[in-house]
Protein chains: 2
Amino acid sequence: MKPSIFVVEDDPDISRLVRHHLEGAGFTVKLFPTGNAVMPESERQRPTLFILDIMVPGKDGLELCRQIRQTSSLASIPVIFLTAKSGEADRILGLELGADDYIPKPFSPRELVARVKAVLRRFERPLSQSPLRIGEIEIDPAAMTLTVRGQSVTTTATEFRLLDYFARHLGRVFTRDQLLDSVWRDTAYVTPRSVDVYVRRIREKIEPDPENPRYLKTVRGAGYRFEAAK
Amino acid sequence: MKPSIFVVEDDPDISRLVRHHLEGAGFTVKLFPTGNAVMPESERQRPTLFILDIMVPGKDGLELCRQIRQTSSLASIPVIFLTAKSGEADRILGLELGADDYIPKPFSPRELVARVKAVLRRFERPLSQSPLRIGEIEIDPAAMTLTVRGQSVTTTATEFRLLDYFARHLGRVFTRDQLLDSVWRDTAYVTPRSVDVYVRRIREKIEPDPENPRYLKTVRGAGYRFEAAK
DNA sequence: TCGTTTTGTAACCTGATTGAAACAATTGGG
DNA sequence: CCCAATTGTTTCAATCAGGTTACAAAACGA
């Protein structure tokens, strides 16, 4: 699932620039020319990160940041400021609360993307990196290796993520749509039926007999379930 | 074990800011609003690093630093000053006692974290100094020499750091961004793809057949992994 | 300083991965 | 037993990620 970024910026040239480069880097971007609509929208669909220009019509960036920090459902979302004059930095950094970085204008596109990524990396919860063993199957996310019955098996990134997800949620049934939401990076344009294809590919790699799966079972009318083989 | 940082700062806004970002960067932070309680507490649980505001009630930063340097159990712990005026900096670093860096206010979170990390890196030396041997490859960081199949091989500084990093984290997959974070000095905004180029250069130096790497493997969709060749 | 080395980027190329589509097989209800 | 719904399987084009090379800029050394 792509990280989504809310950008509050009144200058259309700048916001176009920001959108273009962030989207190019794989983010979903939502633009707000004024600060007014931001809070309601944020509470409906929590963004992954905010980029706020300090000076915008309506609520300005500082005020927005304050509100974000005081709203419990949003308080932990990182905020990056766009500042025109470096002098403004004093106020932000000295007195204001919890901005996670600021980018002085003018900025290079690369710097923008790098800073956004750096902040996100700091906040990204480390996903389960511990190795996992289920019957004859060993999954090591840190090394991205899969071993089946002692044999090392190669997988593609998507296969690996899907298998890892199943293996860490033993016995639970997932619909195709749920899997797309949690495993696929960008769920937007993927057909649920593609999951079938990946299930097939995984079965070929882990099942002794792919036609009679012992691990990755079909649950007719619902989806798939991974279980420890008997 | 997380590095622990003692922060002496009376302004609550600033100390909150500092704590937030250092904790976000994976440090344990302990705040002292005045200089008084610092010394006793430091001797009980030695912090990894001090951050001292020069002007604080009670003992001020300079006085504290002097005492730290005179206390044998603490003398080797790095100290970073927070200064308001840049003019103060010279005195601190040049004439006064053993401060290891200073951060002028106002500072950006990024800068704060970067400097703390930089100082810690300078002090953590023993970690990465022991020679290392993996299969036919010998890496000696102290001498910055590389020997492959008995042949001495020259490397550039960046190549060496990257190889050393890989070799000390055998079997783990690193994304390009992670590698840029941990291997590349100062936070220049380097394109992730540059990592590819260095991987190529290293392969040419250590792999018998660079087209079929036995050590430095590509993990498609994830990054690279160094493994002991079979 | 000037020449050399190192560093990082851009461009192009190639092959692996991805996901949709088409068709086949299976299941379960009536 | 038949039908409709659901899932399985295979194929294939487009896309994407990584490899490679060449080169400009920066850093370095003499």
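Each chain gets a letter, A, B and so on, in the order its sequence line appears, and its residues count up from 1. Computed from a prediction, not measured in an experiment: that's the story for all the values here.
The side chain of Thr158(B) contributes an N or O atom lying less than 4.0 Å from OP1 or OP2 of dT7(C). In this model, the phosphate group of dG8(D) is approached by a side-chain N or O of Thr218(A) to a distance below 4.0 Å at OP1 or OP2. The phosphate of dG8(D) has OP1 or OP2 within less than 4.0 Å of a side-chain N or O from Tyr224(A). Contact check, Arg201(A) against dT17(C): no side-chain N or O comes under 4.0 Å of OP1 or OP2. Proximity of Thr156(A) to the phosphate of dA16(C): no side-chain N or O atom is located under 4.0 Å from OP1 or OP2. Considering only side-chain N and O atoms, Arg200(A) lies nowhere under 4.0 angstrom from the phosphate OP1 or OP2 of dG8(D). In terms of phosphate contacts, Arg193(A) brings no side-chain nitrogen or oxygen within less than 4.0 Å of OP1 or OP2 of dA22(C). Within the 4.0 Å cut-off from OP1 or OP2 of dT9(C), at least one side-chain nitrogen or oxygen of Arg110(A) is found. An OP1 or OP2 oxygen of dG19(C) is reached within less than 4.0 angstrom by no side-chain nitrogen or oxygen of Tyr189(A). Residue Trp184(A) has no polar side-chain atom (N or O) positioned under 4.0 Å from OP1 or OP2 of dT18(C). Residue Thr191(A) places none of its side-chain N or O atoms closer than 4.0 Å to OP1 or OP2 of dG19(C).
A straight line from OH of Tyr198(A) to P of dA21(C) spans 15 Å, rounded to a whole angstrom. As a whole-Å value, the separation of Ile202(B) CD1 from dG19(D) C1' is 15 Å. The CZ-P distance, from Arg203(B) to dT21(D), rounds to 13 Å in whole Å. In this structure, Leu179(B) places its CG atom 12 Å from P of dG18(D), rounding to the nearest Å. Across the protein-nucleic acid pair, Glu211(B) atom CD and dG18(D) atom P stand 17 Å apart, rounded to whole Å. We find that CD of Glu207(B) is positioned 11 Å from P of dT20(D), with the value rounded to whole Å. Residue Asp209(B) contributes atom CG, which lies 10 Å from atom P of dT20(D) at whole-angstrom precision. Atom CZ of Arg225(A) is separated from atom C1' of dT7(D) by 16 Å (rounded to the nearest Å).
In terms of position along DNA chain D, the nucleotide closest to Glu204(A) lies nearer the 5' end than the nucleotide closest to the other residue of the pair Glu204(A) and Glu204(B). Where Thr155(B) and Ser194(B) meet DNA chain C, the nucleotide closest to each residue was compared, and Thr155(B) sits on the side nearer the 5' end.
Nucleic acid contact for Arg176(B): sugar-phosphate only, since backbone atoms but no base atoms lie under 4.0 Å from a heavy atom of the residue. Nucleic acid contact for Val197(B): base, since at least one base atom lies under 4.0 Å from a heavy atom of the residue. Glu159(B) comes within 4.0 angstrom of no nucleic acid atom, judged by non-hydrogen atoms across all strands. Across all strands shown, Val219(A) has heavy atoms under 4.0 Å from sugar-phosphate atoms exclusively, and none from any base.
A salt bridge links Glu41(A) with Arg44(A): the closest approach of a Lys/Arg side-chain nitrogen to an acidic carboxylate oxygen falls below 4.0 angstrom. Asp100(B) and Arg69(B) are joined by a salt bridge, as a carboxylate oxygen and a charged side-chain nitrogen come within less than 4.0 angstrom of each other.
Under the 3.5 Å distance criterion, with hydrogens and angles disregarded, a donor-acceptor pair is assigned to the side chains of Tyr215(A) and Glu136(A).
In terms of modelled atom types and a separation under 3.5 Å, the side chain of Glu207(B) and the main chain of Arg214(B) share a donor-acceptor contact.
Environment of NE2 in His169(A): crowded, with over 12 heavy atoms of neighbouring residues, nucleotides or ligands closer than 6.0 Å. More than 12 heavy atoms of other residues, nucleotides or ligands shown are found within 6.0 angstrom of CD on Gln45(A).
Residue side chain Arg220(A) reaches the base of dT6(D) through a donor-acceptor N/O pair under 3.5 Å, judged by distance alone.
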